[in-house]
Amino acid sequence: MEVLLTPERGFCLGVKRAVELAERVASEVRGSGRGVWTLGPLIHNRRVVQALEALGVRIARSVAELPPGDVLVLPSHGAGPEVVAAAEARGLRIEDATCPLVRKVQAAAKALLADGYQVVIVGQPHHVEVAAVVGWADGRAVVVEDAEQAGALPLAGRVAVVSQTTQRPERVAAVVDTLRGRGAEVRVEPTLCHVTSERQRETRELASKIDVLLVVGGRESANTQKLAEVGREMGRRVYHIEAAHEVEPSWFGKDDRVGIAAGTSTPDWITEEVVVRMKDIEPDSTVKQEEGEAKAPEAVQPEVPAAAGDVGPGARVT
């Protein structure tokens, strides 16, 4: 069995910054009696969130349940202005871990609305990043997932298109083409993350050379989901996994070529565990990057004890 890895793996800069910020704040307040919180996960990777919880970074359901004086870390995918206002009114210390590119999308949506544009967001309507951008556009932005929805959208005057940072470029282009085809004056703000776009490109190239694709990352991670989409569209057997223990030997034939791609919220040590798991399944496997031999896996980060029920069912083939 041959195992091929995409050249780019590990945290993107925005995720790295968010995790390091949360770790620093947790260290600063340790022993002070003050808590450190996020509303929902800081990033969409369950095992990283568990590691942060072990350091004292806990998840809350609402600002109202947090004691005044505690610290609220805004997640990498952003938060709406109503969250910031509620935290300030509650007397919380706010630490903003929003990815700088996500903040750019928020600012663009707000400014475009003020300039009189009908703001259209290409993205997943229930994703936290998209919900926050809608909030910064005073709740008046419209979200579409694809060109078909854009074709049914009531248009009123000038239109400005922004996108969820992890969207696929071809999907955004299709929405823009549809809106222009309907005669709309369309302004496009470049808000796609070049890192996620590059990983999609690398995954497409990798998929052209393999039989099975393992996509490593949180199941709630939008950018990781897009990598799995690419593999499916290429006709490959795709397994979206969060951890090495989910990988089943029955997924592979002895002569299969297996590709491994990872989302931007997946740390290197999780991907390295998957590589080790593949070697356990087939000791004679060769492991390579698309451009030469991969480095041997580094020492794996110690396990954080899993919460009860944490190990879910194995990934499904799609």
Side-chain angles (χ1 to χ4, degrees), residues 11-19 21-22 25 36-50 52-53 57-66 71-88 90 92 94-110 113 119-146 149 162-168 171-172 189 191-193 195-196 217-229 240 242 263-266:
F11 285 160
C12 66
L13 290 178
V15 170
K16 183 174 185 289
R17 172 182 173 276
V19 171
L21 174 61
V25 172
V36 181
W37 304 87
T38 62
L39 294 180
L42 180 74
I43 66 171
H44 285 133
N45 188 292
R46 181 169 51 170
R47 296 182 70 195
V48 174
V49 169
Q50 287 176 343
L52 289 171
E53 286 177 343
V57 182
R58 292 174 288 175
I59 296 176
R61 291 172 296 179
S62 71
V63 170
E65 68 185 64
L66 304 185
V71 184
L72 175 64
V73 182
L74 301 183
S76 61
H77 34 265
E82 71 284 355
V83 173
V84 176
E88 290 174 344
R90 187 73 177 167
L92 301 174
I94 300 173
E95 293 286 347
D96 191 357
T98 304
C99 170
L101 182 55
V102 172
R103 196 179 299 117
K104 176 185 174 183
V105 185
Q106 296 171 350
K110 180 178 180 179
L113 182 73
V119 178
V120 175
I121 304 170
V122 185
Q124 299 161 282
H126 301 299
H127 192 279
V128 285
E129 177 188 324
V130 174
V133 174
V134 171
W136 286 102
D138 198 27
R140 293 157 58 192
V142 179
V143 182
V144 299
E145 295 189 81
D146 52 34
Q149 292 183 4
V162 299
S163 64
Q164 185 178 356
T165 56
T166 54
Q167 275 297 306
R168 296 176 61 180
R171 185 167 298 168
V172 178
E189 287 294 313
T191 55
L192 287 173
C193 171
V195 175
T196 58
R219 289 191 176 86
E220 301 303 315
S221 166
N223 79 85
T224 309
Q225 293 168 0
K226 298 300 184 299
L227 302 182
E229 282 182 12
H240 183 168
E242 291 188 341
T264 59
S265 54
T266 305

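We count residues from 1, following the sequence as given.
- The distance from atom CD of E65 to atom CZ of R90, rounded to the nearest 0.5 Å, is 9.5 Å.
- For the atom pair CD of E129 and OG1 of T98, the computed distance is 10.0 Å after rounding to the nearest 0.5 Å.
- Here the shortest heavy-atom pairing between Q106 and A132 reads NE2-CB, 4.1 Å.
- The two residues T266 and N45 have their closest heavy-atom pair at CA-ND2, 3.8 Å.
- Using a 4.5 Å heavy-atom threshold, the side chains of V15 and S265 count as touching.
- Looking only at distances, a side-chain donor or acceptor of N223 sits under 3.5 Å from a matching main-chain atom of T264.
- In terms of heavy atoms, I121 sits closest to A141 at CD1-CB, 3.7 Å.
- Annotation: side chain of V120 is in contact with side chain of V144 (closest heavy-atom distance under 4.5 Å).
- Rounding to the nearest 0.5 Å places CD of E88 at 4.5 Å from CD1 of I94.
- With H44 contributing its side chain and R219 its backbone, the two residues share no donor-acceptor pair below 3.5 Å.
- A pairwise comparison of heavy atoms in L66 and A60 identifies CD2-CB, 3.4 Å as the closest pair.
- At distances below 3.5 Å, not a single donor-acceptor pair connects side-chain atoms of E145 with backbone N or O atoms of V122.
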Q.
Let's go through L42 and V57 carefully: what are the C-alpha distance in whole Å and the side-chain angles of both, what is the deciding distance for side chain to side chain contact (heavy atoms under 4.5 Å, CB included) to 0.1 Å, and is it a yes or a no?
A. CA-CA 9 Å; L42 180 74; V57 182; 5.9 Å; no
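- In plain terms, the two heavy atoms of A18 and S76 that are nearest each other are CB-CB, 3.9 Å.
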(request) Run the numbers on V119 and R140 for side chain to side chain contact (heavy atoms under 4.5 Å, CB included), then give the verdict. (result) CA-CA 8 Å; V119 178; R140 293 157 58 192; over 6 Å; no
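- The two residues T224 and G263 have their closest heavy-atom pair at OG1-CA, 3.4 Å.
- The closest side-chain heavy-atom distance from F11 to I43 is below 4.5 Å.
- In terms of modelled atom types and a separation under 3.5 Å, the side chain of E242 and the main chain of R46 share no donor-acceptor contact.
- In this structure, NZ in K226 is found 4.5 Å from OG1 in T166, a value given to the nearest 0.5 Å.
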(Q) As a quick check of understanding, evaluate side chain to side chain contact (heavy atoms under 4.5 Å, CB included) for V36 and E95, giving each step before the final call. (A) CA-CA 10 Å; V36 181; E95 293 286 347; over 6 Å; no
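- In this view, R171 and E229 satisfy the salt bridge (Lys or Arg N to Asp or Glu O under 4.0 Å) rule, not counting sequence neighbours.
- Residues L74 and V84 are in side-chain contact: their nearest non-hydrogen atoms beyond the backbone lie under 4.5 Å apart.
- Looking only at distances, a side-chain donor or acceptor of W136 sits under 3.5 Å from a matching main-chain atom of A79.
- V19 has its side chain within reach of V48: a pair of non-hydrogen atoms, C-beta onward, lies under 4.5 Å apart.
- Evaluation of the salt bridge (Lys or Arg N to Asp or Glu O under 4.0 Å) rule for D146 yields no partner, not counting sequence neighbours.
- A distance-only check finds no donor-acceptor pair linking the side chain of S163 to the backbone of G123 [under 3.5 Å].
- Taking OG1 from T38 and CZ from R58, the interatomic distance works out to 11.0 Å, rounded to the nearest 0.5 Å.
- Applying the salt bridge (Lys or Arg N to Asp or Glu O under 4.0 Å) criterion to K16, with sequence neighbours excluded, gives E20.
- The CZ atom of R61 sits 11.5 Å away from atom CG of L39, with the distance rounded to the nearest 0.5 Å.
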